[in-house]
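What follows is a set of notes on a single structure, which appears directly below.
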Amino acid sequence: MTPQFTMPNGKVLDYHYDASDNKVIVGEKLNDGSFIETYVHDYDFALSKAENMSAIYKELSTEYQAKKASEEKKTPREDSYIQTDVVGKAKQIASTGVPMEEAEKKASSIVKEEVHKEHHKQEAEKDKQEKDKANQAAAEEKKEQQEKKEESKEASEATAKALTHAALLVGALSAAKQNEGIWMNKSQKGNAEFINTHTPITAYNNIMMNLNSDANKYKTNVYTYYNPAKENNMPVKQNEKGMEFHWTSWGYQNAMDKDEVITSKQFDKLPDDEKSFYTKHATRVMQNIYNVEQTTMNANNHDAYVEILKNKGAQLSQNEKEQKGKYSSIMKQWKELKGKHPDALLLFRIGDFYEMYKQDAKRGSEVLGITLTKMNESKDFHLAGFPHQALDTYLPKLIRAGERVAICDQLESKKTVSQSFDAKAILNKAYATAKEVAKQSGMQYERVMVLQDAKYDSKEDKIVVSGMKGEVGNEKMAALYKANDIYRAVVAATGTENRLDRSGRNNLLPEDDAKHEQLVRELAAGVMMARQGLPAILSKENEKLIPYWEREIKENPKLLGIVERDVNNAVETIDNLVAKRKVDYESIRGQLPGKTMEKPSKYSISQDLAKLPNIETKEIVVVKDILRKEADVILPAGASLEVNNEVPGMRKDRITIALKKEGIDDVRFYNAGGSLGLNKPNSYFQGKEVTLNNLKQYELVPHHTLDVEKQAAPKKEVIIKNFQAIKDDNGRYAFFIKPENEPSFSVYPAKEHLNTFYNVIKTDKQAIVHNALAQRYYEMATKHPDTKLDLITPKKVDVDMKLIERPSITSSAQDAKQKLIFATINGQRVQAPINKQQWQKMWLAEDMGAYKRALAAVIFEPMLKQGMGGEQSQQAVSESEKVEIKEKPAPENKVQETVTETHRTGLHM
């Protein structure tokens, strides 16, 4: 049906979208099929479709009203030139011979009647205007409701997309439990791609295209768009459902008017002086895509279809090859069995399906409503089938239809995957990727002889790999497991704080954050495998996390947006490093949400409570705030109010009723950890009652009260007066910490924390992050005093300190950048240069005078030991130099900023 606009006068206008110029063309379609263009509107990708259509309709309506007003002419009243007053009419009547007195009476009666008519006419006009106004208001309200409906529809479509993708991923993870950890591309189809177009495919979209093919048993990962398929004589079949595909469309945005976004073609047509007013702009675009098997390509261009299957199709496993070779023998068995049971419908177990052939296939497809496929080998050879898991559904239907059914089950064991790949080549590619990523990232790479899992060592900033480990069936399967393992380590290396810095950005507890990171590693590594036409396999350890991931994705489909972001960033980073392209980590991090800087210990209560809910024992945690009449309920699963994932025996409606009986007005539900978990700091639980309960019908039965008051009590945080990064005498960095009313000390930090220190300098996060680091290392040093170092006081030397008088440090009169130390030794005033670190440490010393004397002892040690014979090592100050001994204020350190005392947060590490 052609999309149309209905104008206020009832006129219908058709419209269509011109993709080449990004315009919506509006006009009138005549009976002969011709189209008269009346209006052109630029489509704005920054707006939704409904918003664009609404804008077009408003402009059309405005234009119509203006035209209507200009065409309207004022029609003179019928009595415009007629005297309607009583005297005038009386004279007119009297002129006919009627006496004046009688004429005046008649005239008065006529005028009264005319006034009465005019009054009614005005009232009618007024009623009409009010009615028109009401109709217009109703129309506008209806239009507004329609727009809201369109917006709601778009929001629903976005949610539907998330739900569709969530279902694909959950299904894949669930299937992995029965497929030895294989969660994607088990049949080894070629890499995901488009035919007829050259659309770039992100890592996340690659996953969804693969999973969609896997779920629907498509033979390839080759897709197309609706219009290009139609244009290339391979239109999409009727009633085929597409998969939503999102990508970024780049245009140009007016720097002065953010609402104005133009296409690249429009930008190219601008004069050079106007182009400077525009900047690159990204717009999120969605369109449905279809697998080539959803098109008529096989019928319309069979040779090309066969070529795609040959080059990009699924690889047959050894068992499938045998089955294909045995089709003739299967048909022979079918004929034999059919001869013995001519009135029975035969079901043959082939792989994961039950299949029916020839006349059985025709009858079975009619009864069950399943697809009937005509095989190419023979005109009368038909096939119909269904997944083996559906046997319990379809078998009763056949029997109720009066059919006798004979089942021939498959007896052969099947291999997991095809063995047609080169194991050595797969491993070499994985090793080469890991080595190049390490090299381009400035990290270490080590290939050890000991058999072990590949890993990323964050302390050493090193990727460690080895040969194949363990017995997993055969060499080729071992190569698949090892390649997946190596790619997981490479992805892990991209997530460090000085690179993509993935952790602590999703408002998750530390344990859940680690589980999210494992999912990102598995998905990104899976893309690296699928691109080579290979299966993606979960690690044995991560298979244990499948139930957790299933719960998270089911109950919070929007979580996939975070997964999409992290997977795309990881794979794109690896691609750039392998291609020797520079990665702007700072720019990528700048687009991420804020990082959680609290210490894990501040969430200890939430972490403990998340471990208590139990599906088996039906136990839930209730956190009640009696004064506020509020309650938080922690379930093992099923907290989402958007997705139906209720846990038997823990219905949220019944729990709500039970709590309302106890005087609670507001009830909130959370999962035990995860993105829907009660992720609150310890202070949140102050003054609250925490119990472990069971639900009995509409009553909560508490059987344990948890005392969290001690943990929830606020802990006094030490005030850090000064926190800086300094260098020791060997050039190694350390953190200098000066707590209030305590001696200062230094400690060597972890490399990633040192990077964090410098990365936030001159940003709005600096004070918070630096204080968090200071608190973290103060707490660590307090628990482990042996880690405290004195890097400020100069090393002690064996000299007579009494020989040093009036030590002073200042700038040279000739060069302010040159720092000098002065001292009087045996009556002789001497000087020597000092380095930048010695100058800065003077301002950090607890006792500045003692520091100067100790540094003088080190600098002038030879002179002090050898008397005046040591003058060769320094130069005496002459009277003419006239050095002014004056202590300058502490220099502004552009790198090492001091933390203010106003922030009291911790670091999430």
Side-chain angles (χ1 to χ4, degrees), residues 161 164-165 167-169 171-172 175 184-199 201 205-245 287-317 320-321 323-324 327 350-357 361 364-365 368-377 381-390 417-418 530-531 533 535:
K161 172 252 181 180
T164 301
H165 288 191
L168 287 173
L169 186 52
M184 182 169 70
N185 200 24
K186 177 183 175 182
S187 59
Q188 300 177 55
K189 298 181 285 288
N191 187 26
E193 63 176 85
F194 283 96
I195 190 173
N196 304 323
T197 57
H198 300 284
T199 305
I201 300 174
N205 282 332
N206 188 303
I207 292 172
M208 291 305 152
M209 291 166 78
N210 267 277
L211 296 185
N212 188 52
S213 294
D214 290 348
N216 291 287
K217 306 293 182 183
Y218 297 142
K219 298 182 180 67
T220 73
N221 282 319
V222 180
Y223 286 79
T224 182
Y225 294 108
Y226 188 90
N227 287 335
K230 187 176 181 180
E231 292 164 2
N232 286 274
N233 193 32
M234 47 177 285
V236 175
K237 300 173 186 176
Q238 287 187 350
N239 302 321
E240 289 290 345
K241 186 177 180 181
M243 186 187 79
E244 290 193 6
F245 180 87
Q287 200 166 347
N288 283 323
I289 61 175
Y290 302 84
N291 192 279
V292 291
E293 290 189 47
Q294 296 176 276
T295 73
T296 58
M297 184 182 189
N298 187 20
N300 295 352
N301 194 350
H302 182 70
D303 291 342
Y305 177 75
V306 170
E307 191 67 19
I308 285 178
L309 292 185
K310 180 180 177 182
N311 297 325
K312 306 178 188 300
Q315 301 296 310
L316 297 179
S317 68
E320 289 169 325
K321 288 179 181 178
Q323 291 292 349
K324 186 175 181 180
Y327 240 113
I350 304 296
D352 293 332
F353 282 77
Y354 278 106
E355 294 183 354
M356 297 168 281
Y357 308 110
S365 67
L368 302 177
I370 59 178
T371 303
L372 179 68
T373 303
K374 185 176 180 180
M375 305 300 286
N376 293 326
E377 287 87 347
F381 185 79
H382 292 83
L383 178 149
F386 54 82
H388 71 93
Q389 301 98 321
V417 296
S418 165
R531 283 176 171 180

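- Partners of Glu307 under the salt bridge (Lys or Arg N to Asp or Glu O under 4.0 Å) rule, at least two apart in sequence or in another chain, do not exist in this structure.
- To the nearest 0.5 Å, atoms CG (Leu211) and OG1 (Thr164) are separated by 12.5 Å.
- For Lys217, the side chain to side chain contact (heavy atoms under 4.5 Å, CB included) test picks out Asp352, Phe353, with sequence neighbours left out.
- Between Thr220 and Gly313, the shortest heavy-atom distance links the atoms CG2-CA, 3.8 Å.
- Expressed to the nearest 0.5 Å, how far OG1 of Thr224 lies from NZ of Lys230 amounts to 13.0 Å.
- The CD1 atom of Ile289 lies 7.0 Å from the OH atom of Tyr225; values are rounded to the nearest 0.5 Å.
- By the side chain to side chain contact (heavy atoms under 4.5 Å, CB included) test, Asn210 pairs with Met184, Asn185, Ala192, Asn206, Asn221, Ala530, sequence neighbours left out.
- Considering only heavy atoms from C-beta on, Gln287 stays 4.5 Å or farther from Phe245 through its side chain.
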Please output the side-chain donor-acceptor pairs of residues 231-241 that fall under 3.5 Å, not counting sequence neighbours, one pair per line with the distance.
residue	atom	partner	partner atom	Å
Asn232	ND2	Pro228	O	2.7
Lys237	NZ	Glu293	O	3.3
Glu240	OE1	Gln294	NE2	3.1

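- Of all heavy-atom pairs spanning Asn288 and Glu244, the tightest one is OD1-CG, 3.5 Å.
- Residues passing the side chain to side chain contact (heavy atoms under 4.5 Å, CB included) test with Ala361 are Met356, Leu372, His382, Ala384, sequence neighbours excluded.
- Remark: Thr371 engages no residue in a side chain to side chain donor-acceptor pair (under 3.5 Å) (not counting sequence neighbours).
- For the atom pair OG1 of Thr295 and CG of Asn300, the computed distance is 8.0 Å after rounding to the nearest 0.5 Å.
- Every residue was checked against the side chain to side chain donor-acceptor pair (under 3.5 Å) condition with Thr197, not counting sequence neighbours, and none meets it.
- Partners of Asn216 according to the side chain to side chain donor-acceptor pair (under 3.5 Å) rule, which considers only residues two or more places apart in sequence or in another chain, are Asn212.
- Residues satisfying the ring-ring contact (aromatic ring centres under 6.0 Å, His included) criterion with Tyr305, sequence neighbours excluded, are absent altogether.
- Between Ser213 and Lys189, the closest heavy-atom pair is CB-CE, 3.6 Å.
- Applying the side chain to side chain contact (heavy atoms under 4.5 Å, CB included) test to Ala304 and every residue at least two apart in sequence or in another chain returns Met297, Asn301.
- For Lys312, the side chain to side chain donor-acceptor pair (under 3.5 Å) partners at least two apart in sequence or on another chain are Glu193.
- Between the side chains of Thr199 and Tyr223, no donor-acceptor pair is found at a separation under 3.5 Å.
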